[in-house]
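One structure is given below, encoded as structure tokens.
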Amino acid sequence: MAFYITTPIYYVNAEPHLGHAYTTVVADVVARLKRLQGEEVFFLTGTDEHGDKIVRAARTAGLSPREYVDRMAERFRQTWPLLHIQYSRFIRTTEPYHQRLVQQVLAQLYEKGELTFGEYEGLYCFGCERFLTPKELVDGCCPDHHTPPTPLKEANYFFDLSRHQEWLLDHLRRHPDFIQPSGYREEVLGLLREPLEPLCISRPKSRLSWGIEFPFDPRFVTYVWFDALLNYLSGIGYPEDPSWQKWWAAAEHVIAKDILKPHAVYWPIMLRAMGLPPYRRLHVHGYWNLHEAKMSKSLGNVVRPEVLVSRYGADRVRYFLLREMAFGQDAEFSEEALVLRTNAELANDLGNLVFRTLSMVKKYFQGQVPEPGREFPGDRELAQGILSRIRNYFEEMGEFRFHRGLAALNEAVNLANRYVDREAPWELKKKGELERLSRVLYQLLEGLRVLAVALSPVMPRSAEILLQNLGLSPEEELSVEAALTWGRLRPGTPVERGPVLFPRLERPIQEASKSSPEEKTGQELYPLEEFKKWDLRVGEVVAAERVPGTDRLLKLTVRCPEERTLVAGIAEHYRPEELVGKKVVLVANLRPARIRGVLSEGMILAAKGSSGLKLVVPEGEVEPGAEVG
RNA sequence: GGCGGCGUAGCUCAGCGGUAGAGCGGGGAUCUCAUAAGUCCUAGGUCGGGGGUUCGAGUCCCUCCGCCGCCA
């Protein structure tokens with residue numbers, strides 16, 4: 001069986017970040033799972049290198065577009081091996097083969113009458129590389145880039161999406177798992193309720209030259225999305241390499257939710273217009289939030305994959321990414337969470353199980369796999385318990401529910417740890433029950449073996465080390481079959497204890513991301529230092545009078561201990577005469593502001609209760625100027 | 001404005017008609033093979049508010065509040 005999986009090709013206007021890493025790790029894990037199942041896998045990733053934003057990023061970097069994309073593509077290409085990503089091919093949209101295919105497809109669609117040429121007038125945002133509708137504008141500016149759009153009138157080529165809209169709707173209805181998780185399918189169905197606008201797929205060279213030239217009209221280059229999506233075909237050699245058919249029939253895309261529309265609407269319709277079947281499935285994941293800020297490539301708020309790997313190791317990072325995020329939903333990323341999670345599940349539970357088991361084998365059986373011997377009550381339960389969790393794991397992983405799959409595996413680890421505790425091999429040794437001891441350790445070694453095989457797609461390096469320590473050859477052992485068969489270890493095989501697999505991290509290594517934690521309330525939290533910036537003091541009101549012409553304002557003279565004037569909006573709640581002599585709390589280092597002609601050098605604190613405004617006052621006798629904090 | 005989602009123990013979330021659950025954190029106990037790890041016990045949370053359907057509702061319906069997404 002063939003299996004074809006893709007990541008999006010990443011737009012090279014920014015460095016690789018956590019979001020790219022997650023998508024790519026997901027694709028890699030699925031690819032490895034399929035290989036474990038004996039399937040033939042093609043895993044495609046790469047870079048998207050055309051468009052206006054690239055030109056501008058290149059200019060900023062002081063490079064030509066060509067130099068710039070070469071450099072950035074290399075950055076991506078070098079990042080993935082660090083994360084143990086094993087792709088089949090890395091495609092770049094600037095490759096001649098890809099460019100030829102795009103031109104070929106444009107020519108084909110043009111001949112088939114799928115494309116129309118027309119004039120369009122509108123407001124263009126260079127940041128978005130698209131025209132905006134007047135309704136989208138916020139204060140006359142682009143809602144995303146906060147810059148005013150430029151009025152432009154141009155002739156362009158359009159792709160009439162609505163012609164295939166009914167077909168797509170029908171396809172979606174007939175294939176409930178075409179887009180998943182289902183929430184995103186619903187979203188696309190919603191999109192298709194309204195007629196689709198024609199998609200403008202050209203850009204005049206006068207405005208943008210960094211793109212693929214239209215084959216039948218050299219005045220234009222191709223819109224980046226139209227160009228980019230076709231990588232999924234050019235990457236497998238369509239149409240020249242005949243093996244493309246085998247792969248295409250099994251195509252599954254992994255994307256983040258921000259590019260749902262191009263993948264769920266434009267792309268299937270493009271394929272339809274080309275006379276090709278749609279891909280098989282589209283898997284959509286959410287965002288990693290760094291506290292509150294979104295992981296967006298436009299914001300500088302990114303976590304560098306290579307930094308994480310250097311701090312925590314690829315396997316830990318891969319495990320955490322899959323375990324922490326419910327695929328499809330957003331999740332929060334922090335290094336603290338990474339440390340907590342991997343300490344608990346990898347160091348304490350799994351790693352410790354490995355180490356204690358191998359230690360006992362070393363100590364009690366001179367480092368050789370003991371004889372399984374006779375089965376006792378509890379032995380079969382352990383084996384069946386672990387195997388059923390592993391079956392469950394494979395099921396969940398196959399459906400992209402990685403967090404649940406790994407939870408199932410943790411249950412298996414837990415079963416084994418309980419088994420150790422219940423059987424207490426050290427007691428058996430003491431009592432000289434060697435036959436029993438032998439069986440117990442054999443059971444545990446088998447547990448480690450099947451766990452290692454099952455985990456290999458997620459943590460390939462750790463799995464390999466573990467299998468080697470068990471005296472096995474990873475190449476021979478890596479199959480789903482081996483993970484689901486109990487009793488493959490041969491007695492007498494030498495095993496190594498090896499170093500601790502997942503050393504416990506004492507405390508989170510300093511945060512890579514610098515931003516303030518926020519509570520569920522959405523309220524931003526600040527360190528104490530932040531509060532200390534405010535000079536809060538006790539002041540005594542020495543004079544008070546109404547500000548002429550206002551209902552709410554009082555002009556106060558306050559001693560704190562120097563005298564200063566300030567304006568307070570409390571006239572509706574306090575009469576001037578009742579304030580004189582009162583001790584109040586004021587903010588003494590506010591930038592002075594002129595209010596109604598009066599210079600206000602501070603602000604008085606008051607509580608806004610249901611029964612009106614109440615001044616905040618010190619509870620007892622305090623001298624003016626006393627610090628509050 | 002339209003469509004949709006979410007709001008359950010300190011934190012992250014599962015449950016989706018029948019006596020409130022898991023993991024983490026916190027508290028207690030215990031074994032000693034082990035990475036101060038394991039194992040066991042322990043969370044008394046108006047399941048956002050209100051109303052309704054039902055013998056019975058986090059679980060269905062309505063409504064309100066608060067977040068969020070997509071579209072316009």
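Here is how names work: the chains are called A, B, and so on, in the same order as the sequence lines, proteins then strands, and each is numbered from 1.
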Quiz: residues 172-181 of chain A side-chain donor-acceptor pairs under 3.5 angstrom, not counting sequence neighbours:
| residue | atom | partner | partner atom | Å |
| --- | --- | --- | --- | --- |
| A:Arg174 | NE | A:Asp170 | OD2 | 2.6 |
| A:Arg174 | NH2 | A:Asp170 | OD2 | 3.4 |
| A:Gln180 | OE1 | A:His283 | ND1 | 2.9 |

Enumerate donor-acceptor pairs with a distance under 3.5 Å from any side-chain N or O in residues 263-272 of chain A to protein atoms, sequence neighbours excluded.
| residue | atom | partner | partner atom | Å |
| --- | --- | --- | --- | --- |
| A:His263 | ND1 | A:Ile259 | O | 3.0 |
| A:His263 | NE2 | A:Tyr232 | OH | 2.7 |
| A:Trp267 | NE1 | A:His253 | NE2 | 3.1 |

Sequence neighbours left out, cut at 3.5 Å: what donor-acceptor pairs do the side chains of residues 489-503 of chain A make with other protein atoms?
| residue | atom | partner | partner atom | Å |
| --- | --- | --- | --- | --- |
| A:Thr493 | OG1 | A:Arg490 | O | 2.5 |
| A:Arg497 | NH1 | A:Ser359 | OG | 2.9 |

Given Watson-Crick or G-U pairs with both distances under 3.5 Å, what dot-bracket string fits RNA chain B, with | for other-strand pairs and [ ] for crossing?
((((((((.[[[[.)..(..]]]].(((((.......))))).....[[[[[..)....]]]]]))))))).
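Near RNA chain B, defined here as any heavy-atom distance below 4.0 Å, there are no residues from residues 167-174 of chain A. Taking a 4.0 Å limit (strictly below) on heavy-atom distances, residues 388-416 of chain A reaches RNA chain B at A:Asn414.
Applying the salt bridge (charged side-chain N to carboxylate O under 4.0 Å, His left out) rule to A:Glu423 yields the partners A:Arg436; only residues at least two apart in sequence or on another chain are considered. Applying the salt bridge (charged side-chain N to carboxylate O under 4.0 Å, His left out) criterion to A:Asp349, with sequence neighbours excluded, gives no partner residue. Considering only residues two or more places apart in sequence or on other chains, A:Arg404 meets the salt bridge (charged side-chain N to carboxylate O under 4.0 Å, His left out) condition with A:Glu396. With sequence neighbours left out, the salt bridge (charged side-chain N to carboxylate O under 4.0 Å, His left out) criterion links A:Arg193 to no other residue.
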Which letters describe nucleotides 25-34 of chain B, given B = protein heavy atom under 4.0 Å from base, S = only from sugar-phosphate, - = neither?
------SSBB
Set out, line by line, the N/O atom pairs under 3.5 Å between protein and nucleotides 1-5 of chain B.
| residue | atom | partner | partner atom | Å |
| --- | --- | --- | --- | --- |
| B:C3 | O2' | A:Arg193 | NH2 | 3.1 |

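Within 6.0 Å of CD on A:Glu194 lie no more than 12 heavy atoms contributed by other residues, nucleotides or ligands.
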